[in-house]
Protein chains: 2
Amino acid sequence: MSKVFKALSDPTRRKVLQLLRRGPMSAGDLAAHFTVSKPTMSVHFNVLKDANLIHAEKHGKSISYSLKMSVLEEALMGFAQTFGFEDQRDPDQPTNSHEDTPS
Amino acid sequence: MSKVFKALSDPTRRKVLQLLRRGPMSAGDLAAHFTVSKPTMSVHFNVLKDANLIHAEKHGKSISYSLKMSVLEEALMGFAQTFGFEDQRDPDQPTNSHEDTPS
DNA sequence: CTCATGATTAGAAGTTTAGCTAACTATCTA
DNA sequence: TAGATAGTTAGCTAAACTTCTAATCATGAG
């Protein structure tokens, strides 16, 4: 639990998760979206992996990272539900809030 | 956003929020639930205050802290919804999660 | 085998965090 | 006014976090 929230406390790591919503991506392709060095990205990937939020699979000489939706959902929603939060969305009004504004 | 998740990444602070679900509590009463020193708790309160998750109100010589539900809900659910998580509960089995927890 | 590519490891610098004790401020009460 | 109570501030330490460069490992191509 602490690991998940700590992982989510960094804007870079949150953006990585957002990018992985569309499907698996290689470390290099992910890193291309950021200005930090590749070793730094590697560390971020490990933090996410350590929190069990992403899965790594080696394909040839690159690594494919994929989002573990269920883990993220369980951690986030599980905690949220202890506070009684419910999903408030109108089913007729699909969301398009696809951008996380890091601060 | 980062501040909220950072605040939530510490077990002590998460427990403080859980304790505040039932209603406002003084710094001392909150601190009584933990083994760490009062100055340390004071720091934790400040982190939560800085993340806008709690509100402080001075009453006489003690301080009453209260949970800012809406801020927590917006941060948590707002982020969750960018991943398309929905409320998984069975509509025929309503929860009592919005009721006041009797103490 | 050798080279280029994708990614990690190692080591270092600077920052942040969590915790402590001691000392301080503010408020109530006798 | 003096003492007790509630919290905070100051100063410190140890550990963890973030980021970098340089070096290394692993793989596929020629």
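Naming: A, B, ... by sequence-line order, numbering from 1 per chain.
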Can you tell me how far the [atom1] atom of [X] sits from the [atom2] atom of [Y], to the nearest 0.5 Å?
X      : Y      : atom1 : atom2 : answer
L8(A)  : K6(B)  : CG    : NZ    : 12.0 Å
M25(A) : S64(A) : CE    : OG    : 9.5 Å
L19(B) : Y65(B) : CG    : OH    : 14.0 Å
K49(A) : K3(A)  : NZ    : NZ    : 13.0 Å

For [X], report the nucleic acid contact type (base, sugar-phosphate, nothing); a contact means any heavy atom under 4.0 Å.
X      : answer
V43(A) : base
S62(B) : sugar-phosphate
Y65(A) : sugar-phosphate
S26(B) : sugar-phosphate

Does a donor on one side chain sit under 3.5 Å from an acceptor on the other, for S2(A) and R14(B)?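 Yes - a donor-acceptor pair under 3.5 Å links their side chains.
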T82(B) and Q18(A) side chains, donor-acceptor separation under 3.5 Å: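 Side-chain D/A pair, Q18(A) to T82(B): present.
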Looking at the side chain of [X], which of [options] is the nearest nucleotide?
X      : options                  : result
H44(B) : dT9(C), dG6(C), dA18(C)  : dA18(C)
D10(B) : dT5(C), dC28(C), dA18(C) : dA18(C)
P39(A) : dT27(C), dA7(C), dA10(C) : dA10(C)

Take atom [atom1] of [X] and atom [atom2] of [N], then tell me their distance rounded to the nearest Å.
X      : N       : atom1 : atom2 : result
D50(A) : dT8(C)  : CG    : C1'   : 16 Å
D29(A) : dT5(C)  : CG    : P     : 15 Å
F45(A) : dT8(C)  : CZ    : P     : 7 Å
K6(A)  : dT16(C) : NZ    : C1'   : 9 Å
K58(A) : dA7(C)  : NZ    : C1'   : 8 Å
M25(A) : dG6(C)  : CE    : P     : 16 Å
K61(B) : dC28(C) : NZ    : P     : 8 Å
L48(B) : dT17(C) : CG    : P     : 13 Å

By the definition side-chain contact (heavy atoms from CB on, under 4.5 Å), identify the one residue from L48(B), V47(B), L67(B) that meets it with V16(B).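 Looking at L48(B), V47(B), L67(B), the match for V16(B) under the side-chain contact (heavy atoms from CB on, under 4.5 Å) is L48(B).
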Heavy atoms of chain A, cut-off under 4.0 Å: which first and last nucleotide of DNA chain D, 5' to 3', fall inside that, if you could look?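 The footprint of chain A covers dC17(D) to dG28(D).
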